[in-house]
Structures are given as C-alpha cells and as structure tokens.
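Just so it is clear: chains get the letters A, B, ... in the order the sequence lines come, proteins before strands, and each one is counted from 1.
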Number of protein chains: 2
Amino acid sequence: MTPKYANVSEREQEPPSLAISTVIFALRPDPETGRLSLWLPLVRRIRQPYRELWALPGGPLRPSESLQDAAARNLQDTTGLSPRYLEQLYAFGGPDRSPTPRVVSIVYWALVQPDEAALARQDENVDWFRADAVGTLAFDHNRIIDYALWRLRNKMEYGSIAYAFLGATFTLAQVREVYEAVLGRELDPANFRRQLQATQDIERTDSFLQGGRHRPPRLYRYTGPELQSDAFPPA
Amino acid sequence: MTPKYANVSEREQEPPSLAISTVIFALRPDPETGRLSLWLPLVRRIRQPYRELWALPGGPLRPSESLQDAAARNLQDTTGLSPRYLEQLYAFGGPDRSPTPRVVSIVYWALVQPDEAALARQDENVDWFRADAVGTLAFDHNRIIDYALWRLRNKMEYGSIAYAFLGATFTLAQVREVYEAVLGRELDPANFRRQLQATQDIERTDSFLQGGRHRPPRLYRYTGPELQSDAFPPA
DNA sequence: CCAAAAGTGTTAAACTTACACCCATGA
DNA sequence: TCATGGGTGTAAGTTTAACACTTTTGG
C-alpha cells in the first residue's frame with residue numbers, strides 16, 4: 001500500500017480533466033489515382049499548447065450528455081455529418097501526454113459517408129487529410145490515429161462495418177473497393193462477391209447502376225443488424 | 001446545436017470525476033464439481049450510495065500514475081496478486097450511472113494465476129464469486145462484468161491469453177481446461193492439441209507432470225509474444 | 001466488333017470435425 | 001490387468017484461393 005499522497009506537490013494538483021476526441025474516417029477518391037482512400041478531418045489548434053498544430057477534433061464533456069453523445073456532437077460540429085458508425089476507441093490518460101494540466105481523453109472513432117459532399121466544410125481551421133499522411137500532430141494524436149487505423153482494419157476482417165461507408169444501395173464492386181482501400185491490398189473479385197453473398201447481410205434489388213462504361217452492375221441493399229446502433233459494443 | 005448549458009442547475013454542476021475500476025478474472029476449481037470455472041473478487045461498499053452492496057474494486061486516479069498503473073495497483077490492493085494480463089476494457093460515463101455526482105469510470109480487466117493461493121485474501125469486505133453468479137451489484141457493475149466476459153470469450157477465440165491463466169509450464173490438457181471453462185463448452189482433445197501445436201506459441205519441455213492417476217502428460221512452455229506486455233493494445 | 005467490367009464455374013489445397021485406435025501409467 | 005487420460009491416425013466435409021471462362025454493356 002502506497003500512502004495517499006506521495007508528496008505535497010501532488011496533493012495540490014488538480015484532478016485530471018476529461019475530454020472527448022473523435023477520429024472520423026471517410027473514404028474519398030484520391031485526386032490523383034482516382035482510387036478510394038481513407039481521409040480524416042483535423043482542426044488547427046488556436047491556443048497553447050501545440051498552437052497552430054493540427055489535432056483531432058474534440059472538446060469537454062457537457063454535464064448532461066453521455067460520452068457517446070459528446071462524440072457525436074463533436075463530429076457534427078466539425079464536419080456537419082452524422083456518423084453512420086460511432087464507437088469508443090480507447091481512453092488515453094498517461095500523466096505526461098499533455099504539458100501542464102493533466103488531461104484524460106476518451107477517444108471515439110467514426111465512419112461517415114462522404115457522398116454528401118459535406119466534405120466541403122473546410123475552412124482555415126478545419127481540413128481533411130489522407131489517413132496515411134497527416135504529418136506531425138499535437139499531443140499523442142499520431143499514435144491515436146495509428147491505433148484507430150489498426151482497429152478499423154481489424155474490424156474489417158470479420159465485420160459488416162464496410163457498409164457504414166456506403167449509401168443505401170451499392171454494387172458489390174463498391175463494397176470491394178471499400179475493403180481494398182481500408183486493407184490496402186487487392187482482393188479477388190470473384191471470391192469476394194461469393195463471400196459477401198454467403199453472409200445474410202445483403203439483399204439484391206432489381207435496380208442496376210447505370211452510366212458506367214460497361215455492363216451495369218446490380219445494386220444491393222444492406223439488411224444485416226443495425227450498424228453501430230448505439231451506446232454499447234457487443235458488435 | 002444545443003445551448004452551452006440547458007439550465008442553471010447544470011451550469012452549477014461540478015465536472016464529472018474520474019475513477020478506475022478493474023474486473024479481475026481467475027480460474028479455480030469449482031468446490032463441487034471440481035471442474036475449472038471463472039471467479040472474480042468483489043468488494044463490499046462501506047459508504048453510500050449502494051452501501052453494503054458488492055462492487056468492482058476501484059478507486060480514484062492518482063496524479064502521477066498512468067491509467068494502467070492505477071488499475072494494477074487496484075488489483076494488488078484487493079487481491080495481493082500481480083496481473084499476468086491487464087488491458088483496458090471500456091470507459092463508462094453515462095450521466096445517470098451514479099446517483100448525484102457524476103462519475104466516469106475507466107474499467108480494466110485482468111487475468112491472474114490462482115495457484116498462488118492468494119485467493120485466500122478474503123475478509124469481511126472482499127470475497128470471490130463465480131463470474132456467472134455474482135448477484136446484484138452496485139452501479140452498472142453487472143453490465144460491466146457481462147461485457148468483460150464477452151470480451152474475454154472473444155479474445156479466447158483467436159488468442160493466446162489462455163496462457164495468462166497458467167503457470168510457467170503446463171500440460172496441453174490444462175490449456176484445454178482453460179478454454180473449456182471460459183467458453184463454457186467441451187472441446188475435442190485430439191483436435192485441440194493439434195491446433196495448439198500448430199501455432200508457434202508453445203514449446204515442449206522434457207518434463208512430465210507426475211502424480212496424476214494415469215499416464216503422466218508432457219509439460220509445455222509458452223514462448224509466443226509477451227502476454228499483455230504493457231500500456232497498449234495492438235495485441 | 002472490341003474492351004472491360006460483371007458475373008459464373010471449376011478445381012486443388014488447406015483447414016475442420018468426428019471418431020477409431022494405440023500407449024503408458026497408478027492402482 | 002484394467003480403467004483412464006495421454007497421445008496418434010485418418011477420412012469426410014467444409015472453406016479458401018487461384019484463375020479460366022462466359023455475359024453484357026458503351027463506344
């Protein structure tokens with residue numbers, strides 16, 4: 001048993017404060033290659049510490065809102081989007097992750113659909129970056145993003161989160177593109193399509209996506225369990 | 001956008017306080033059937049709210065310790081054991097999980113080896129319970145335990161955490177017993193043994209476990225990646 | 001008609017699963 | 001020597017993975 005306070009200076013420290021941050025992922029085509037890739041919004045810090053550096057969107061927890069609600073609000077404020085998927089990532093709280101007053105951050109990660117062009121919400125202090133090229137960020141935020149990426153890829157391996165990136169209907173090739181963008185490797189179209197169809201999570205519609213350069217692919221609809229639903233993990 | 005404060009009473013609330021709690025799992029033989037089952041220690045609350053009810057061990061975060069360290073200390077204090085495995089579980093922070101002042105709890109889960117008989121550390125206010133029969137606990141602690149169990153079983157499916165329950169050497173049948181106790185179903189000994197041997201995580205020793213009633217089984221040693229290592233997930 | 005993506009078929013290899021069987025020991 | 005858990009063998013069923021092949025559209 002250690003004594004209640006190791007020394008006087010500790011006794012006089014304030015209790016650590018709490019903040020909520022969010023890693024928001026969206027897929028958008030790379031302006032150069034045209035292939036889908038992962039992007040996320042960052043905000044520029046306007047005060048010390050780390051003033052002028054980019055950081056994850058975040059803020060304090062309000063008295064009456066749940067952790068999840070705080071994260072969702074966060075996301076709404078910085079992107080204007082509603083999350084299709086929102087889940088707690090991790091609580092970061094090392095005594096040295098922030099200079100001076102200690103901050104414990106509970107971090108959420110979210111997936112949003114980009115097509116709503118709301119990606120356009122950029123200004124001097126909010127911008128989107130490729131997930132694999134964010135530069136040096138404030139605090140331990142690079143580490144946080146790495147972890148979020150790891151978790152995203154993990155979930156992808158055996159999950160239905162892919163649909164959180166897509167609209168109400170989609171082609172099987174689009175689902176494959178999502179997987180390829182997130183996992184960073186190519187997948188066999190033939191086998192992939194069969195694996196998808198083997199899960200009961202999607203259902204074919206009678207529509208086809210017109211306007212492509214070749215044979216129009218059939219559209220499908222997600223019918224599996226509620227994505228993200230709410231508050232709690234058992235995903 | 002919601003207004004900054006919904007009403008005056010909210011403005012006057014204190015910021016939520018932070019606590020660390022720990023779900024500590026150990027395997028011990030059931031006093032009746034003799035088969036291994038999951039147990040965890042709980043502490044009796046000595047103050048309101050929920051006075052006299054059993055609850056997860058926990059306490060405040062000290063100024064200079066990391067979240068992980070706080071959880072480890074917690075565990076040391078209540079069981080006298082060091083965790084072989086300790087990982088963050090989830091942060092619980094609904095505005096209504098505790099009457100009156102709001103508390104955000106960052107919960108860890110741990111696996112310990114029971115053989116050190118330190119299970120004996122029981123007194124009026126600390127006792128061990130079967131994980132599937134804890135009764136009604138304080139706060140949302142039943143829910144937390146359910147989630148910890150879910151996560152444990154999940155990790156078990158494709159992981160090497162099983163070894164965290166065992167000593168330096170063990171028989172393959174012991175590993176199987178761990179799996180059976182946690183997953184709650186029987187496994188084919190023949191196939192299970194082969195699957196274990198197929199992973200590179202264990203290595204055979206030249207010793208055999210003597211004293212059984214039948215043919216002495218060979219002892220093995222874990223040689224895979226550090227269990228639990230520290231601070232961070234990428235398990 | 002041609003290029004290219006959509007979509008189907010086929011087969012070898014890998015991995016599960018179930019269960020028969022032999023082995024070695026304490027009693 | 002027998003009962004029992006330790007340990008090996010094996011064959012059917014299922015899943016994965018690679019890739020050839022047919023279909024349908026826009027140009």
Side-chain angles (χ1 to χ4, degrees), chain A residues 29 33-36 153-154 156-160 162-163 166-167 169-181 183-222, chain B residues 27 29-30 33-36 153-154 156-160 162-163 166-167 169-181 183-222:
Chain A
T33 70
R35 299 173 69 86
L36 284 183
R153 295 195 171 113
N154 236 311
M156 212 71 179
E157 305 251 287
Y158 67 119
S160 40
Y163 304 108
L166 297 167
T169 63
F170 43 80
T171 71
L172 298 186
Q174 287 172 334
V175 184
R176 179 164 49 82
E177 284 181 275
V178 171
Y179 272 81
E180 291 180 336
L183 299 181
R185 68 163 188 277
E186 302 203 334
L187 300 169
D188 183 307
N191 294 330
F192 185 80
R193 121 190 317 269
R194 269 184 298 246
Q195 288 175 25
L196 281 193
Q197 283 163 331
T199 77
Q200 293 317 112
D201 291 347
I202 57 174
E203 149 186 296
R204 40 186 281 181
T205 71
D206 295 329
S207 314
F208 293 80
L209 180 64
Q210 304 295 341
R213 278 188 303 282
H214 303 293
R215 172 176 175 176
R218 183 183 292 276
L219 290 169
Y220 288 76
R221 174 185 303 117
Y222 178 76
Chain B
L27 284 178
D30 185 294
T33 69
R35 299 173 69 86
L36 285 183
R153 295 197 170 111
N154 235 308
M156 211 73 177
E157 306 252 286
Y158 68 119
S160 38
Y163 304 108
L166 297 167
T169 64
F170 43 81
T171 71
L172 298 186
Q174 287 172 334
V175 183
R176 180 165 47 82
E177 284 181 274
V178 171
Y179 272 80
E180 290 180 337
L183 299 181
R185 68 165 188 274
E186 303 203 333
L187 300 170
D188 183 306
N191 294 330
F192 185 80
R193 121 187 320 267
R194 268 183 298 246
Q195 288 174 22
L196 281 193
Q197 284 164 331
T199 77
Q200 294 317 111
D201 291 347
I202 58 175
E203 149 187 296
R204 41 186 281 180
T205 71
D206 294 328
S207 315
F208 294 80
L209 179 63
Q210 304 296 338
R213 279 188 303 281
H214 303 292
R215 171 176 175 177
R218 183 183 293 277
L219 289 169
Y220 288 76
R221 173 186 304 119
Y222 179 75

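- The shortest distance between the side-chain N/O atoms of R213(B) and the OP1/OP2 oxygens of dT25(C) is not below 4.0 Å.
- The CD-C1' distance, from E177(B) to dG5(D), rounds to 11 Å in whole Å.
- Whole-Å rounding puts the F208(B) CZ to dG5(D) P distance at 19 Å.
- Every residue two or more places apart in sequence or in another chain that forms a salt bridge (Lys or Arg N to Asp or Glu O under 4.0 Å) with E186(B) is listed here: R35(B).
- The two residues S160(A) and Y222(A) make their nearest non-hydrogen contact at OG-OH, 3.7 Å.
- With the nearest nucleotide of DNA chain D identified for both Y220(B) and H214(B), H214(B) has the one nearer the 5' end.
- Side-chain contact between R218(A) and L172(A) is absent, with no heavy atoms from C-beta onward closer than 4.5 Å.
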* Assign a letter to each nucleotide of nucleotides 17-22 of chain D from its 5' end: B, base within under 4.0 Å of a protein heavy atom; S, sugar-phosphate only; -, no contact. => BBB---

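- Per the geometry, CG belonging to L196(A) stands 16 Å off C1' belonging to dT8(C), to the nearest Å.
- Atom-to-atom, CZ of R218(A) to P of dT23(D) comes out at 17 Å; the value is rounded to the nearest Å.
- Atoms CZ (F192(A)) and C1' (dA5(C)) sit 16 Å apart, rounded to a whole Å.
- Nearest heavy atom pair, residue Y179(A) against residue A162(A), reads CE1-CB, 3.4 Å.
- Scored by the salt bridge (Lys or Arg N to Asp or Glu O under 4.0 Å) test, R176(B) finds E180(B) as partners (sequence neighbours excluded).
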Taking only N/O atoms, report every protein-nucleotides 11-14 of chain D pair under 3.5 Å with atom names and distance.
none

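- Within the structure, every pair that satisfies the side-chain hydrogen bond (donor to acceptor under 3.5 Å, both in side chains) test and touches residues 192-211 of chain A, not counting sequence neighbours, is listed here: N191(A)-R194(A), Q197(A)-Y220(A), E203(A)-R221(A).
- Comparing dG7(C), dA3(D), dG7(D) by their nearest atom to the side chain of R193(A) picks out dG7(C).
- Straight-line distance from the CG atom of L209(B) to the P atom of dG7(D): 10 Å, rounded to whole Å.
- Note: F170(B) and Y163(B) meet the aromatic proximity criterion, with ring centroids under 6.0 Å apart.
- Mapping T171(A) and G212(B) onto DNA chain C via the closest heavy atom, the residue that lands nearer the 5' end is T171(A).
- With rounding to the nearest 0.5 Å, the separation of CG in L209(A) from OG1 in T169(A) is 8.0 Å.
- Distance OG1/T171(B) to CD/Q174(B): 3.5 Å, rounded to 0.5 Å.
- Between the CG atom of L187(A) and the P atom of dA5(C) there is a distance of 16 Å, given to the nearest Å.
- Distance CD (E157(B)) to C1' (dT16(C)): 15 Å, rounded to an integer number of Å.
- The two residues P29(A) and L36(A) make their nearest non-hydrogen contact at N-CD2, 3.7 Å.
- In DNA chain C, the stems built from three or more successive Watson-Crick or G-U pairs (distances below 3.5 Å) are C:1-27 with D:1-27.
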